[in-house]
Amino acid sequence: MKKTAIAIAVALASFATVARATPKDNTWYSGVKLGWSHYDDTGYYNSNYKKNDGPSHRSQLGSGVFFGYQANPYLSFDLGYDWLGRMPHKGTTVHGSFKAQGVQLAAKINYPISDNLNAYTRLGSMIWHADTVQTNVTHTRLNAKDTGVSPLIALGMEYAINKNWSTRLDYQWIDNIGNTSTIGTRPDNSLINIGIAYHFGQDKEGSLVPLSPAAPENNHFTLKSDVLFGFNQANLNVDGQKILDQLYTQVSNLDTKDASIVVVGYSDRIGSKQYNQKLSEKRTQAVVDYLVEKGIPMDQISSHGEGSANPVSTNTCDEVHNRQELIVCLAPDRRVEIEVKDIQDIEKQ
């Protein structure tokens with residue numbers, strides 16, 4: 001019965017869905033953002049315009065919408081509209097306002113940190129439209145508009161809430177919005193914002209579906225690495241810890257005094273052999289460290305990594321060329337096998 005309980009726990013955890021910060025390749029997303037917009041270098045340089053003789057409210061509410069295309073796990077493209085806010089100048093003899101908005105296009109370069117967290121950089125440009133209004137001692141009302149293009153750079157973090165929804169914290173910088181010859185000023189703008197995005201097409205399955213989790217046989221258990229770890233990661237995630245907790249609870253109820261546990265890690269064939277070998281070793285060690293931390297004696301556990309050797313998928317995925325579909329197809333190869341030896345009580349119950 002205990003052996004059956006472990007099998008059920010392994011199967012349930014193997015079907016768990018782990019949120020990933022990077023959506024599927026060739027999919028689309030859209031979102032909204034809201035934050036703090038701040039103008040810098042707000043002086044006027046045109047002879048018709050005068051320096052404000054009162055406070056300038058340079059920090060305003062900024063907002064925007066964006067649409068994007070996810071090309072692959074490391075590269076996507078954002079197209080969006082930003083409202084950068086209206087900055088009033090409230091002087092005694094000089095007063096007015098400056099406001100700006102724009103459409104931006106940027107390449108978004110992603111740097112995976114964990115299974116559900118990315119850092120990223122956005123590089124691109126904004127087509128802006130700026131509007132200046134001023135009243136001063138020589139002009140009762142100046143009103144000018146201008147349109148142009150400025151470079152844009154942004155840094156941020158993106159967190160996957162689930163497979164469809166993500167949230168991001170973003171710092172964006174735009175240089176020289178405006179032209180002094182037309183609207184008298186050219187401030188820079190920084191926008192710190194929080195956004196939320198919906199990713200389309202995440203429910204679509206690849207053309208090839210990974211095999212079901214293997215049931216234990218002769219005290220041999222096969223755990224999917226996609227349950228234990230994020231893709232290309234070697235840190236146990238929450239679901240992985242839960243399944244190892246289940247496994248430890250069952251094994252600890254047995255007489256394990258003379259038992260030995262062998263842990264072997266495998267990767268898929270994506271990437272170099274050297275990289276996959278190191279990844280399988282790191283994942284194997286992560287499992288061993290967790291089981292030892294739970295209470296299994298170190299001298300009862302042996303482990304090693306096999307890299308991409310002994311694939312379960314054999315030739316099944318040879319005709320799959322799309323990266324995301326290949327990752328799904330090769331899922332059975334990404335596994336950790338645990339064998340418990342010399343526990344007679346398992347067979348007796």
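Only this structure's heavy atoms are used, side chains among them; waters, hydrogens and symmetry mates stay out.
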Phe77 meets the ring-ring contact (aromatic ring centres under 6.0 Å, His included) criterion, sequence neighbours left out, with none
Contacts of type side-chain contact (heavy atoms from CB on, under 4.5 Å), residue Ala309, not counting sequence neighbours: Glu306
Quick note, ring pair (Phe, Tyr, Trp, His ring centres under 6.0 Å) partners involving residues 161-188, not counting sequence neighbours, are Trp165-Tyr198
In the single-linkage hydrophobic clustering (I, L, V, M, F, W, Y; side-chain heavy atoms under 4.5 Å), do Phe229 and Val264 co-cluster? no
Pairwise side-chain contact, Asn237 with Leu228, heavy-atom cut-off 4.5 Å (strictly under): no
Contacts of Thr27 that satisfy side-chain contact (heavy atoms from CB on, under 4.5 Å) - sequence neighbours left out: Pro23, Lys24, Gln70, Gln202
Carboxylate-amine/guanidinium contact Asp82 Lys33, below 4.0 Å: yes
Lys294 and Asp245, any side-chain heavy atoms less than 4.5 Å apart: yes
Could you state the interatomic distance from CD1 (Ile113) to CD (Gln233), rounded to the nearest 0.5 Å? 9.5 Å
In sequence, state the C-alpha distance, the side-chain angles, and the governing distance for Arg186 and Asp41, and then conclude on salt bridge (Lys or Arg N to Asp or Glu O under 4.0 Å). CA-CA 7 Å; Arg186 53 177 187 185; Asp41 189 15; 5.0 Å; no
Applying side-chain contact (heavy atoms from CB on, under 4.5 Å) to Ser37 and not counting sequence neighbours gives Leu84, Asn189, Leu191
Nearest-0.5 Å distance that lies between atom CG in Asn176 and atom OG in Ser150: 6.0 Å
Determine whether more than 12 heavy atoms belonging to other residues, nucleotides or ligands lie under 6.0 Å from atom CD1 of Ile109. yes
Heavy-atom side-chain contact between Arg334 and Ile327 under 4.5 Å: yes
Donor-acceptor pair, Thr132 side chain versus Ala144 backbone, under 3.5 Å? no
Using side-chain heavy atoms (C-beta onward) and a distance below 4.5 Å, is Glu325 in contact with Asn26? no
Please answer whether the main-chain N or O of His199 pairs with a side-chain N or O of Asn164 as donor and acceptor at a distance below 3.5 Å. yes
Working to the nearest 0.5 Å, report the span between CG of Asp188 and CD1 of Ile177. 7.5 Å
Between Asp40 and Arg58, is there a salt bridge with N-O shorter than 4.0 Å? yes
Evaluation steps, side chain to side chain contact (heavy atoms under 4.5 Å, CB included), between Trp128 and Asp146: CA-CA 8 Å; Trp128 45 259; Asp146 194 16; 3.7 Å; yes
pair Tyr120-Ser76: side-chain heavy atoms closer than 4.5 Å: no
Assigning hydrophobic clusters by single linkage (Ile, Leu, Val, Met, Phe, Trp, Tyr; side-chain heavy-atom cutoff under 4.5 Å), is Val262 placed with Met298? no
Under 3.5 Å donor-acceptor, Ser272 side chain and Tyr275 backbone: yes
From NZ (Lys99) to CG (Asp131), nearest 0.5 Å: 5.0 Å
State plainly whether one hydrophobic cluster holds both Leu79 and Ile127, where clusters connect Ile, Leu, Val, Met, Phe, Trp and Tyr through side-chain heavy atoms under 4.5 angstrom apart. no
Can you name the nearest heavy-atom pair linking Ile153 to Leu123, along with the distance? CG1-CD2, 3.6 Å
Report yes if some heavy atom in the side chain of Pro311 is under 4.5 Å from a heavy atom in the side chain of Asp268; otherwise report no. no
Distance, nearest 0.5 Å, that separates CG of Leu279 from OG of Ser308: 10.5 Å
Could you walk me through whether Asn310 and Arg335 satisfy the side chain to side chain contact (heavy atoms under 4.5 Å, CB included) test, starting with their C-alpha distance in whole Å, then the side-chain angles of each, then the deciding distance to 0.1 Å, before giving a yes or no? CA-CA 11 Å; Asn310 302 318; Arg335 65 196 190 277; 4.0 Å; yes
Quick one: are Ile174 and Gln104 in side-chain contact, heavy atoms under 4.5 Å? no
Which atom pair, heavy atoms only, marks the closest approach of Pro88 to Gln60? CD-NE2, 3.6 Å
Could you check whether any side-chain N or O of Tyr266 sits under 3.5 Å from a backbone N or O of Glu337, counting only pairs where one atom can act as donor and the other as acceptor? no
One thing to verify: whether Asp78 and Arg168 come together as a salt bridge, which I'm taking to mean a side-chain N less than 4.0 angstrom from a carboxylate O. yes
Any donor and acceptor pair, going by atom type alone, linking the side chain of Asn276 with main-chain N or O of Ile270 inside 3.5 Å? yes
Begin from the C-alpha positions of Glu281 and Gln277 and carry the test side-chain hydrogen bond (donor to acceptor under 3.5 Å, both in side chains) through to its verdict. CA-CA 6 Å; Glu281 291 172 358; Gln277 178 63 35; 2.8 Å; yes
Can you find a pair of side-chain heavy atoms, one from Leu326 and one from His321, that are under 4.5 Å apart? no
Do Ile243 and Ile261 share a hydrophobic cluster, counting only Ile, Leu, Val, Met, Phe, Trp and Tyr and linking them when any side-chain heavy atoms are less than 4.5 Å apart? yes
Are Val320 and Val328 close enough, and set up right, to give a side chain to side chain contact (heavy atoms under 4.5 Å, CB included), and what steps lead you there? CA-CA 10 Å; Val320 180; Val328 173; over 6 Å; no
Donor-acceptor pair, Ser267 side chain versus Gly307 backbone, under 3.5 Å? yes
Closest heavy-atom contact between Thr182 and Tyr49? O-OH, 4.0 Å
Partners of Thr138 by side-chain contact (heavy atoms from CB on, under 4.5 Å), sequence neighbours excluded? Lys50, Asn136
Looking at every non-hydrogen atom in both residues, tell me the closest pair between Gly91 and Asp53 and how far apart they are. CA-OD1, 3.0 Å
Would a hydrophobic clustering, with Ile, Leu, Val, Met, Phe, Trp and Tyr connected at side-chain separations under 4.5 Å, put Tyr248 with Leu244? yes
Flag, side chain of Asn315 to backbone of Asp318, donor-acceptor distance under 3.5 Å: no
Once rounded to the nearest 0.5 Å, what's the spacing between atom OG1 of Thr185 and atom CE of Met87? 6.5 Å
Side chain to side chain contact (heavy atoms under 4.5 Å, CB included) for His89 and Tyr44? Distances and angles first, verdict last. CA-CA 12 Å; His89 303 297; Tyr44 284 88; 3.3 Å; yes
